[in-house]
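The following block contains the structure, expressed as structure tokens.
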Amino acid sequence: MIQMPKETGFLIEVDYRQNENDESVITAFFRTKTGLEQFFFPEFAPYLFAEKENAKTKTGLEKESFGEEGFSVRKIGEIQKSGKPFLKVFFKSTKELVIARDQLKKSGFSVFEFDIPFAKRFLVDSGLEPYTEFEFEFEEKNGQKNILKIAPQKTQSVFEPRIAAFDLETYSPGRFSNPQKDPILMIALSTPKSSTIYTTKKAAEKIEGVKVFAAEKEMLSGFLSDLAALDLDILVSYNGDAFDFPYLLERCHTLKLKAEMGFEKSEPSLKRRGLENAAKLKGIQHVDAYQTINLLSRFGAVNLVKKDLESVANDLFSANKKKITAVEINQIWDSEEGLEDLVKYNREDAEYTLRIITEYFPLLLELSKIIRFSLFDTCRASASQIIEALLLIKSAETSTVVPNKPESGEVQARLLQSMVGGYVKEPVPGLHENIAVLDFRSLYPSILVGHNISPDAYRGKANKESKGLNVSPDGDAFTKKPEGFFVSIVRSLLERRSALKAEYKKADKKDPATKLLFARQWALKIILNSFYGVLALAQFRWYSRECARAITAWGRYYVNHTVEEAQKAGFSVVYADTDSNFLVIPKGKTQEDVKQFVEKVNAKLPEAMELEIEDFYKRGIFVTKKDAKGGAAKKRYALMNYSNQLKIVGFEYVRRDWSGIAKKTQKAVIEALLAEGDPQKSIGIVKETIAALKRGSVPKKDLVILTQVKRKLDKYDSVGPHVAAAKKAVARGKEIEVGSVIGFIITKNGKSISDRAELEEFVKEGNYDAEYYIHHQVLPAVIRILNELGINEEDLQQGGKQSRLF
DNA sequence: TAATTCGCTAGACCGA
DNA sequence: TCGGTCTAGCGAA
């Protein structure tokens, strides 16, 4: 017997290519001892599932010719899916599959799973988990290494990627850089060990770490060859999808240079992803840190107000990184004064970009493994893609047919049907003491599991025969057995997460492996939190109005029920929102009574569900709405626990579209109020702030209001202050992109508020409208809070008389 | 290519 | 110039 060559390596990415016979062939990149190597899986062909009633379809299909060229299917298998017979129809290429799909539809077939990307299809079917270490046998054939046998290594070593980040600085003479004309001035390339700067500026020669080249073309070649020598698994950028890669590509082409950045000197490709592009490298994972930050924000893993690199670095790492503007870069470049600052800036851009990804790498990696995506795909993934990937894997494992994406008419119909969400109880306004906050752990996922909510378990609206079924408060019935498709997935996610959390709790926090545990449970949390949302997403393959409706209906039931039970047990319930209950512990009752109450509730809940005590608070405040006839405001409150930790929810303090001065003052007022329960101090705080504003001594940075520009400036029906400020800035030559967050200040010059709004950078220190900041920022932020303690606006006017209360 | 609903508030806009 | 209505943004869960 011939001994086949063996190899071990980490699976980095799966892709496919058209070979010389126009066949679609799966290729996989492995990090082996030798380096990044490409292997092939030539046996795996594209396929779809077809179904047709009452017809001997198999032999007919085999003879059928498709398309203008008249090709035929490669082979046909017969398979049971979701308990029904299907034909598994294989094709030579993805291209032929697409042509045949349309023809099959026209000739009366129902077709399924025809739009699963081929590489993802392979990862699902093969069960190969990315970034895992494999052992495999292969044969070399026509210079191509074909894998014959593959299995995960018994003992896995940790995947430690070869990683680097880069960042460009470009020339922009009085306008936005144009890659056809304006050169790249500097490139920073940063690995975990060191950073190198590439430039053409002779004067930068003496600065450490700088390589100077005769011209831009030589600089780019120098950078590209150093990059290639690094032999990377991952290349990181900050917004490289939209800027660095397209710019670099264009410059290389203009200078007649090949941008050899990917595997075997391939060029990056710009792939369309919706309205935006993604820059893809062959074999090497381009991880865009900006996209990653967006992903993490969407899933609540980070909370950032602005997403430019400076703000992110400063927020995440308490860095003190200063932005050097395009104008300043030009000045430095032309005058050669401050070159060191520019070099430092460029280097830090690359270093912080790398640091962001290093920080969140364990999380990205875990997500990638769970959903079997490459890092390139994971860092750009949406909630629906993540859940879809998971359901796809489970479908393959259980031989369940995957539902097709809805057609646009169906999507429209779904959108017309609104869905009722969580229940929010109107709070009892005022200051409360001795509060216990209870919440249901992972409420929606646990309801789904607890009541077997899944499309395959749905038995329609409840009727006389619904005995023995789980009937939701909205009347939707679900069978209790067998366990539904969604349920088995969510149950296992919940169980895995709680095991990981328990393990993490016990683990040594200094051990680096503990960080992995945490990342793992976070990855699961992200998935669990998105599960409900996508069920109600009109475009989702597994959209299920019935399941979504039943989940929220039970959610409302449990929260309401807990309110009633708590009241019966002698507590007063001051607030409740979706999955939480705020109990005031009356005189004569203790925290121990709360614990007993929670135990009693838990005893009656389905096993997957659990009510937890979030914390005890010594004081809390709820306020009346501005529109007073509406009663007390929901979703805004402040609490202080027995360690004097303040929790402010929903108030201006937590909103980015309020000025620092208003937020600081509000926080100080709340703190004084909750710590001592005495309003005296608060009055003083507000008076001082008003006095400072009137003196004109409040610094610019405390006056900035941040707002996102969510559409093109000419697309606004109503021109608010931020739009007005942005328009003025654009007229002065500033570039403002859709989606960017801008900071503006209300100045003294102009009539309406919008007239007076100017971008921060165009406002001189001291030029602000004190009246605006007093009456539209500070007072609104504090007055409704102070009103609850009997203080009104007159009490706060500077030099105003002491409140009658004192 | 795409997670949801519930809720608050500011400021422009518009007609009397 | 007033007050109601609408647009817009952001946060809670």
Side-chain angles (χ1 to χ4, degrees), chain A residues 115 271-278 297-300 303 305 380-388 405-406 408 411 414-415 418-427 439-440 442-444 526-545 547-549 551-552 555-556 559 575-580 614 623-627 630-637 647-658 662 705-711 715-724 741-742 746 751-757 772 775-777 780-781 784:
Chain A
D115 54 358
K271 299 202 158 192
R272 282 204 80 78
R273 288 179 84 95
L275 299 170
E276 322 228 303
N277 280 326
S297 317
R298 277 206 306 283
F299 294 118
N303 185 15
V305 282
R380 294 170 181 79
S382 64
S384 60
Q385 285 176 316
I386 289 175
I387 302 301
E388 186 179 88
K405 286 182 186 162
S408 70
V411 171
R414 288 175 182 182
L415 286 171
S418 62
M419 211 104 57
V420 185
Y423 165 71
V424 191
K425 184 185 191 306
E426 184 177 323
D439 59 19
F440 286 95
S442 301
L443 179 68
Y444 287 178
I526 283 175
I527 295 171
L528 282 165
N529 284 349
S530 329
F531 208 98
Y532 162 76
V534 296
L535 294 186
L537 171 67
Q539 295 87 338
F540 194 56
R541 283 177 196 268
W542 281 273
Y543 170 90
S544 171
R545 187 176 164 69
C547 293
R549 182 171 64 200
I551 289 170
T552 57
R556 291 189 298 276
V559 168
Y575 183 56
D577 184 354
T578 309
D579 62 353
S580 65
E614 194 261 334
V623 301
T624 304
K625 267 199 287 194
K626 191 196 173 191
D627 172 15
K634 299 167 178 178
K635 297 191 188 282
R636 359 184 87 195
Y637 56 86
K647 183 171 172 179
I648 300 178
V649 177
F651 279 122
E652 287 76 4
Y653 175 71
V654 297
R655 297 178 63 95
R656 72 167 170 211
D657 56 346
W658 281 76
I705 296 163
L706 297 177
T707 312
Q708 190 180 19
V709 177
K710 298 178 78 132
R711 54 180 89 166
K715 294 278 185 242
Y716 280 90
D717 290 332
S718 172
V719 176
H722 76 293
V723 180
V741 175
I742 57 169
I746 304 302
K751 279 185 79 182
S752 74
I753 294 172
S754 285
D755 289 340
R756 281 174 282 156
Y772 172 82
H775 293 286
H776 292 258
Q777 290 282 320
R784 285 190 289 279

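Proteins come first, then strands; the chains are lettered A, B, ... in the order of their sequence lines, and each starts at number 1. Hydrogens, waters and symmetry mates are skipped; everything else that's a heavy atom, side chains included, is used.
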Worksheet item: Reckon A/S754 touches a base, only the sugar-phosphate, or nothing at all at heavy-atom distances under 4.0 Å?
Response: sugar-phosphate

Which atom pairs link the protein and nucleotides 10-13 of chain C when you take only N or O atoms and keep those under 3.5 Å?
{"residue": "C/dC10", "atom": "OP1", "partner": "A/R656", "partner atom": "NE", "Å": "2.8"}
{"residue": "C/dC10", "atom": "OP1", "partner": "A/R656", "partner atom": "NH2", "Å": "2.6"}
{"residue": "C/dC10", "atom": "OP1", "partner": "A/Q708", "partner atom": "N", "Å": "2.9"}
{"residue": "C/dC10", "atom": "OP2", "partner": "A/R656", "partner atom": "NH2", "Å": "3.2"}
{"residue": "C/dC10", "atom": "OP2", "partner": "A/Q708", "partner atom": "OE1", "Å": "3.4"}
{"residue": "C/dC10", "atom": "O4'", "partner": "A/R655", "partner atom": "NH2", "Å": "3.2"}
{"residue": "C/dC10", "atom": "O2", "partner": "A/R655", "partner atom": "NH1", "Å": "3.3"}
{"residue": "C/dG11", "atom": "OP1", "partner": "A/V654", "partner atom": "O", "Å": "3.4"}
{"residue": "C/dG11", "atom": "OP1", "partner": "A/R656", "partner atom": "N", "Å": "2.9"}
{"residue": "C/dA12", "atom": "OP1", "partner": "A/G650", "partner atom": "N", "Å": "3.1"}
{"residue": "C/dA12", "atom": "N3", "partner": "A/K635", "partner atom": "NZ", "Å": "3.3"}
{"residue": "C/dA13", "atom": "OP1", "partner": "A/Y637", "partner atom": "OH", "Å": "2.7"}
{"residue": "C/dA13", "atom": "O3'", "partner": "A/D579", "partner atom": "OD1", "Å": "2.3"}
{"residue": "C/dA13", "atom": "O3'", "partner": "A/D579", "partner atom": "OD2", "Å": "3.2"}

Worksheet item: Does a side-chain N-to-carboxylate-O contact under 4.0 Å join A/K635 and A/D577?
Response: yes

Worksheet item: Which of these nucleotides, B/dA12, B/dG7, B/dC8, is closest to any side-chain atom of A/S752?
Response: B/dA12

Fill in: Non-hydrogen atoms of A/S754 and A/P721 that approach each other most closely
OG-N, 3.2 Å

Worksheet item: How is A/G533 classified with respect to the nucleic acid when contacts are heavy atoms under 4.0 Å: base, sugar-phosphate, or nothing?
Response: base

Worksheet item: Base, sugar-phosphate, or nothing for A/W542, non-hydrogen atoms under 4.0 angstrom?
Response: nothing

Worksheet item: With a 4.0 Å cut-off on heavy atoms, is A/R784 in touch with a base, just the backbone sugar-phosphate, or nothing at all?
Response: sugar-phosphate

Worksheet entry | Nearest-angstrom distance from the residue atom NZ of A/K634 to C1' of B/dT5 | 12 Å

Practice prompt. Please state how far atom CZ in A/R545 lies from atom P in B/dT4, giving the value in whole angstrom units.
Written response: 14 Å

Practice prompt. Using the C1' atoms only, state how far C/dA12 lies from B/dA3, rounded to an integer number of Å.
Written response: 15 Å

Worksheet item: Does OP1 or OP2 of B/dA10 have a side-chain N or O of A/K626 closer than 4.0 Å?
Response: yes

Discussion item. Using a 4.0 Å heavy-atom cut-off, does A/R711 contact any base of the nucleic acid, only the sugar-phosphate backbone, or nothing at all?
Written reply: sugar-phosphate

Worksheet item: If each of A/G720 and A/V424 is mapped to the nucleotide of DNA chain B with the nearest heavy atom, which maps nearer the 5' terminus, i.e. the 5' end?
Response: A/V424

Worksheet item: Could you state the OH-P distance from A/Y543 to B/dT1, rounded to the nearest angstrom?
Response: 22 Å

Discussion item. Measure CG/A/D717 against P/C/dC6 and give the value in whole Å, please.
Written reply: 13 Å

Worksheet item: Quick one: is A/Q385 getting a side-chain N or O under 4.0 Å of the B/dT1 phosphate, OP1 or OP2?
Response: no

Worksheet item: Counting any heavy atom closer than 4.0 Å, what does A/Y716 reach on the DNA or RNA strands: base, sugar-phosphate only, or nothing?
Response: sugar-phosphate

Discussion item. Check the phosphate of B/dT1 against A/S384, side-chain N and O only, distance under 4.0 Å to OP1 or OP2. Yes or no?
Written reply: no

Discussion item. To the closest 0.5 Å, what do you measure between CD1 (A/I386) and CZ (A/R298)?
Written reply: 7.5 Å

Discussion item. At 4.0 Å (heavy atoms only), tell me whether A/V420 reaches a base, stays on the sugar-phosphate, or touches nothing.
Written reply: sugar-phosphate

Worksheet item: What is the distance from CZ of A/R756 to C1' of B/dA12, rounded to the nearest Å?
Response: 14 Å

Worksheet item: Under 4.0 Å between a side-chain N or O of A/H722 and OP1 or OP2 of C/dG9?
Response: yes

Discussion item. As a test of understanding, state which of A/V709, A/I705, A/L706 forms a side-chain contact (heavy atoms from CB on, under 4.5 Å) with A/I742.
Written reply: A/V709

Item to complete: Measure the acute angle between the ring planes of A/W542 and A/F540, then classify it against the limits of 30° and 60° as parallel, tilted or perpendicular.
Response: tilted

Worksheet item: Do any N or O atoms from the side chain of A/R556 and from the backbone of A/G421 form a donor-acceptor pair under 3.5 angstrom?
Response: yes

Discussion item. Any base atoms under 4.0 Å from A/Y444, or only sugar-phosphate, or nothing? Heavy atoms, all strands.
Written reply: nothing

Worksheet item: Can you tell me if A/R656 uses its side chain to pair, donor with acceptor, with the backbone of A/V305 under 3.5 Å?
Response: yes

Discussion item. Categorize A/S530 for me: base, sugar-phosphate, or nothing, with a 4.0 angstrom heavy-atom threshold over every strand shown.
Written reply: nothing

Worksheet item: Just by modelled atom types, is the A/L535 backbone N or O under 3.5 Å from a matching donor or acceptor in the A/R545 side chain?
Response: no

Worksheet item: Within this structure, what is the NZ-to-C1' distance between A/K625 and B/dC6, rounded to whole angstrom?
Response: 11 Å

Discussion item. Using whole Å, what does the distance between atom C1' of nucleotide C/dA8 and atom CD1 of A/I705 come to?
Written reply: 15 Å

Fill in: Nucleotide B/dT9, atom P - distance to CD of A/E652 in whole Å
7 Å

Worksheet item: According to a strict under-4.0 Å criterion, is A/S718 in side-chain N/O contact with OP1 or OP2 of C/dC6?
Response: no

Worksheet entry | Note, A/K405 side chain near A/Y543 side chain (heavy atom, < 4.5 Å) | no

